[in-house]
Structure formats: C-alpha cells, structure tokens
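Read through the structure below, which is laid out as structure tokens, and then see the notes.
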Amino acid sequence: MKAIQISSPGADFEIVEKEIPVPGNNEVLIKVDVCGICHGDSMAKEGHFPGIKYPITPGHEVVGIVDKVGPGVTKWSVGQRVGVGWHGGHCNQCSACRKGDFGACEKSLTTGLHLDGGYAEYMIARPEIMVSIPNELSNLEAAPLLCAGRTTFGALSLSGAKGGDLVAIHGLGGLGHLALQYAVKLGFKTVVLSRGRDKEELAYKLGAHVYIDTNTGDTSKQLQKLGGARIILCTAPSGKMISELIPGLGRNGQAIIVTGSMEMMQISPMLLLGGERSIRGFVSGNIEDTLRFSVLTKVIPMVEVFPMDQVAQAYEKMMTAKVHFRSVLKMNHKS
Ligand SMILES: [Zn+2]
Ligand SMILES: [Zn+2]
C-alpha cells in the first residue's frame, strides 16, 4: 500500500510503499478512501506533541470501509462504512475511563500522533473509537465532520447558550464555516467576525444574522452594541485577536478556544471579574451526535479534494487558511 509519512519533526511529507498491516487482537483494518487535513496534523508534522514516534503517518478525519477485523472485534464487520477521529483509543480501566471520561484516559491514544493515521490507503483502528457513517453523507462530506465538525458542534451545543442568545464565530475557515452553520441551526443569533469583506457574502449565504469586519478595529464595541456575546467561538489561531475580542463578551459570556496558538494572550482580570466572563478551551465533543445533527439539519462542509501526491500543497493551503474550506486527501487505490 501507499502511505504518507513524516520521518522526523519538521521533515517533508514522503510517500512510501508499505506492507498492508494485519489487524491484531481488538484491532480493525480500514481501507481508507478519504482523510481530511486538520490543523492538528501540524503537531505530527512539526513534532509539537509529546510521545510521537517517527516515522508517523498523520490524519484523524478518516473515512473508509472495514477491510478485516482482528480477534475480539464484535461490533464491526467487513464492508461497513466507518470513520475515525482524533481520539484513537482508551484503556477502559483507569479512573477516568471508569467515570466514562475517555478523553481523559491516562493511556489515551491520538490517531495520527501515537498511532499511524489516515494519510494512507489502509490503517489500523481500535473498535471502541470507530463510528458508522450515515447513508445521507458522502465520504468527502463526512470526513471534516469527524474533527472540525465534532469540535465546533460540541463547543456550541454544550456551551450553555440558549436559542436566541448572541453567539459570535471568529474566523470563517475550515472550523468557522461549520461553526457558523451549527450556530444558526442551534437557534443562536449568529455574528461572524472576519477580516475584510471577502467572506461577507458567504457568511450571509450560510445563514449569519450579522457580519462584522474586524479590520474596522471596534469589533468588541460592535458586539456590545448588539448586547454582548454569550459565546465567542475562537476558530482563528491568534492570541492577540482573541485578547481583543474578550471585551465583546456580555455578562457571563464565555470565549471558547477551539484551535491552538502559541501566541500569548493579554487580558485585564477586571474584565473577567466584573461581568463574570470566562475563557475556556474545548477539544472534546461526540462524533455520533455531530453526524446525527449534521444530517438532520443539513450542515455540510465545503471541501477541496487533493490526490495523495499533492499532500504538501493540500497541507500548505490548510496552514495558510487559503483552502475553501477544508482540504481532504483522496487515496489512490490503483492496485
Ligand atoms: Zn483535527
Ligand atoms: Zn483509561
């Protein structure tokens, strides 16, 4: 099979020929059709994550068909259309697992960081983390929902905001264009915050109620004029921008960060104290809930498809936010 791997932190992608892996005990072999390219893959590419053993194949928005099942697998059978996301496995025995908090498992595995991921024609997955893909979604539509969709839907639906509340989506890229659709379908008064006017038309097309050009420099004042945001979902990786948005939160408002940035944030403690505002990160969420809601409300990602040998371009377009709006790799499977 062909697989795309990174041989050391910061190295280029390389396409290698490998033996198709054989599923061991409690493992499933998936014939991968497509895999979304996510900002989280940069952790494998650049080595920004503890415990990665190189070479590693990235990719955690994987859709394919069950090709073989190892001993002990009872839930999945050959031929089923399945998906794999960021969470790659848990032990079912530690204290967190015993509470049902699998994301906090002390032996938690991440797809494409601890285990080879979906930038390959075949991959091994653990049965406890796989999901079934609904018939209503194509493989290309489903892939970005497995991480980008799960995170943005989870962050918004579990935020405590109620129908009619003012919710701002900062950034209208891979995460933002899904977050916007979810916010509208969840019944929030949805404001899009984006630089310039380029994305205004798309924002309204996807259902936004208000569009604010952040280049005008008074974004938080404009949010306050609308009553103050109950939630600001921060999908753009900029510590500086997030800091500037916090004054736009209303009383009890919450900024939720769903994408990583090493940049420092500077926020007045008085601002958080006075209106009991808060800032949090969110990386969990449930894939099956996300797929169900997406099918029900017709939230569909917009994607650009790339063949395996264009992985470097696809990754670069994602990292520079030039892709419309999610890069997805399509595997070759010629032989
Ligand atoms: Zn991701
Ligand atoms: Zn555990």
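One-based numbering, in listed order, for ligands and for the atoms of each.
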Original post:
Got a sec: is His39 within less than 2.8 Å of the Zn ion (ligand 1) via an N/O/S atom?
Top reply: no
Original post:
Are the side chains of Asn332 and Glu121 in touch, meaning some heavy atoms are under 4.5 Å apart?
Top reply: yes
Original post:
Does a side-chain N-to-carboxylate-O contact under 4.0 Å join Glu304 and Lys317?
Top reply: yes
**OP:** May I ask you to decide whether Glu61 forms a salt bridge with Arg326, counting only side-chain N to carboxylate O separations under 4.0 Å?
**Re:** yes
**OP:** Could you grab the angle centred on the Zn ion (ligand 2), going from SG in Cys94 to SG in Cys105, to 10°?
**Re:** 110°
**OP:** Give a yes/no answer: is there an N/O/S atom of Cys97 under 2.8 Å from the Zn ion (ligand 2)?
**Re:** yes
Original post:
So what does the Cys147 SG - the Zn ion (ligand 1) - Cys38 SG angle come to, to 10°?
Top reply: 130°
Original post:
When you check the side-chain N and O atoms of Ser194 and Glu200, is any donor under 3.5 Å from an acceptor?
Top reply: no
